[in-house]
Amino acid sequence: MARVESLRRQPLGVTLATPVTRSQDFESSIGNLFADAVFESVPGIDVAINNNGRAGLRGDLPQGPLTFGPLYDVFPFDNRIVRFSIAGSELRQIFENEVRQGRRGAIGVAGLRVQVYCGGSEIGVNLLRPSGRVVGPTERLEVATTDQLAAGGTFGLF
């Protein structure tokens with residue numbers, strides 16, 4: 001236990017000016033942080049996706065000097081990052097399903113902007129590149145996410 005406590009106190013060289021928290025709203029600052037970290041760590045991908053909901057991120061990061069303990073508390077898993085290709089229409093359908101299930105803010109995204117619109121009883125999603133260009137339905141996207149999310153109900157790849 002002494003070794004674990006020593007690891008938890010290990011400084012990461014970052015001081016947070018404000019807490020970085022979870023949210024069940026449209027976006028989550030900590031969800032964005034984790035999606036951005038995956039996006040930056042995997043060269044050549046179009047989009048990084050992480051699980052903000054379904055117990056994906058389990059805590060908040062406190063204001064002040066960041067140590068390994070609180071970071072591990074947010075994401076206490078041994079997941080691996082996986083990469084795969086998916087059609088724009090398939091990824092759009094995944095986001096539409098999340099909205100239909102009332103799970104707004106459940107998936108963190110980096111590399112694309114997800115635009116949701118409603119027309120009567122119909123829900124639609126546009127995926128936008130950083131340039132603002134809409135991703136076409138047959139356009140292939142390179143995605144990075146955790147093996148758990150890729151294998152689970154969201155993508156169901158494995």
Side-chain angles (χ1 to χ4, degrees), residues 1-16 19-62 65-114 116 125 127-130 135-158:
M1 290 306 291
R3 182 171 173 242
V4 168
E5 201 46 47
S6 174
L7 283 171
R8 289 187 59 77
R9 288 191 306 269
Q10 183 158 350
L12 298 177
V14 174
T15 299
L16 301 176
V20 183
T21 60
R22 294 168 291 165
S23 169
Q24 296 304 314
D25 206 348
F26 293 111
E27 289 192 65
S28 159
S29 58
I30 202 162
N32 288 343
L33 175 68
F34 273 76
D36 288 345
V38 171
F39 187 79
E40 293 297 323
S41 70
V42 183
I45 61 168
D46 298 297
V47 60
I49 298 173
N50 70 279
N51 183 4
N52 294 346
R54 293 186 188 145
L57 298 177
R58 301 232 172 148
D60 301 324
L61 295 176
L66 184 60
T67 62
F68 181 74
L71 186 64
Y72 185 81
D73 291 344
V74 171
F75 193 76
F77 310 105
D78 290 329
N79 296 114
R80 296 176 191 265
I81 301 299
V82 296
R83 179 181 177 152
F84 57 91
S85 179
I86 191 169
S89 61
E90 293 171 299
L91 188 56
R92 192 173 63 246
Q93 184 64 51
I94 287 167
F95 285 108
E96 286 175 7
N97 291 343
E98 291 294 311
V99 172
R100 281 189 186 91
Q101 293 177 33
R103 293 176 23 84
R104 69 184 203 184
I107 294 181
V109 180
L112 293 177
R113 195 172 83 213
V114 180
V116 179
V125 169
L127 302 177
L128 304 165
R129 296 272 187 183
V135 173
T138 60
E139 192 173 340
R140 301 299 294 180
L141 298 166
E142 289 295 314
V143 176
T145 191
T146 63
D147 56 351
Q148 181 273 335
L149 199 58
T154 302
F155 289 101
L157 296 177
F158 311 118

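The shown structure was predicted, so the numbers you read here are calculated from the model rather than taken from an experiment. No hydrogens, no waters, no symmetry mates; every other heavy atom, side chains included, goes into these values.
The two atoms that bring T67 and R9 nearest to each other are CG2-O, 3.5 Å, heavy atoms only. Scanning all heavy atoms of the two residues, the minimum distance from L141 to G88 falls at CD1-CA, 4.2 Å. Nearest heavy-atom pair across I94 and I86 is CD1-CD1, 4.0 Å. Looking at every heavy atom in both residues, A48 comes nearest to V38 through CB-CG1, 3.7 Å. Taking every heavy atom of both residues into account, F84 and T145 meet most closely at CE2-CG2, 3.7 Å. Among all heavy-atom pairs drawn from N51 and Q148, the shortest one is ND2-OE1, 3.9 Å.
Residues D73 and R8 are in side-chain contact: their nearest non-hydrogen atoms beyond the backbone lie under 4.5 Å apart.
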> Given the rule in the side-chain contact (heavy atoms from CB on, under 4.5 Å) test, do I107 and V114 qualify, once you have shown the distances and angles that lead to the verdict?
Replying inline: CA-CA 10 Å; I107 294 181; V114 180; over 6 Å; no
>> Test side-chain contact (heavy atoms from CB on, under 4.5 Å) on F95 and I49; report intermediate values, then the result.
In response: CA-CA 11 Å; F95 285 108; I49 298 173; 4.3 Å; yes
>> Run the side-chain contact (heavy atoms from CB on, under 4.5 Å) test on Y72 and L7 for me, step by step, so that the C-alpha distance in whole Å, both residues' side-chain angles and the decisive distance to 0.1 Å come before the verdict.
In response: CA-CA 10 Å; Y72 185 81; L7 283 171; over 6 Å; no
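Residues passing the side chain to side chain donor-acceptor pair (under 3.5 Å) test with E142 are R83, sequence neighbours excluded. In this structure, the side-chain contact (heavy atoms from CB on, under 4.5 Å) partners of A35, at least two apart in sequence or on a different chain, are N50, A110. Annotation: salt bridge (Lys or Arg N to Asp or Glu O under 4.0 Å) contacts of D36 (sequence neighbours excluded): none.
The CG atom of L66 sits 5.0 Å away from atom CG of L16, with the distance rounded to the nearest 0.5 Å.
When atom types are taken as modelled, the side chain of S89 and the backbone of P137 share a donor-acceptor pair closer than 3.5 angstrom. Judged purely by atom type and a 3.5 angstrom limit, D147 uses its side chain to pair as donor or acceptor with the backbone of R80. R140 places a side-chain N or O within donor-acceptor distance of the main-chain N or O of S85, the cut-off being under 3.5 Å.
Each of D60, L33, L61, V20 was checked for a side-chain contact (heavy atoms from CB on, under 4.5 Å) with V74, and the lone residue meeting it is L61.
D46 and R129 are joined by a salt bridge, as a carboxylate oxygen and a charged side-chain nitrogen come within less than 4.0 angstrom of each other.
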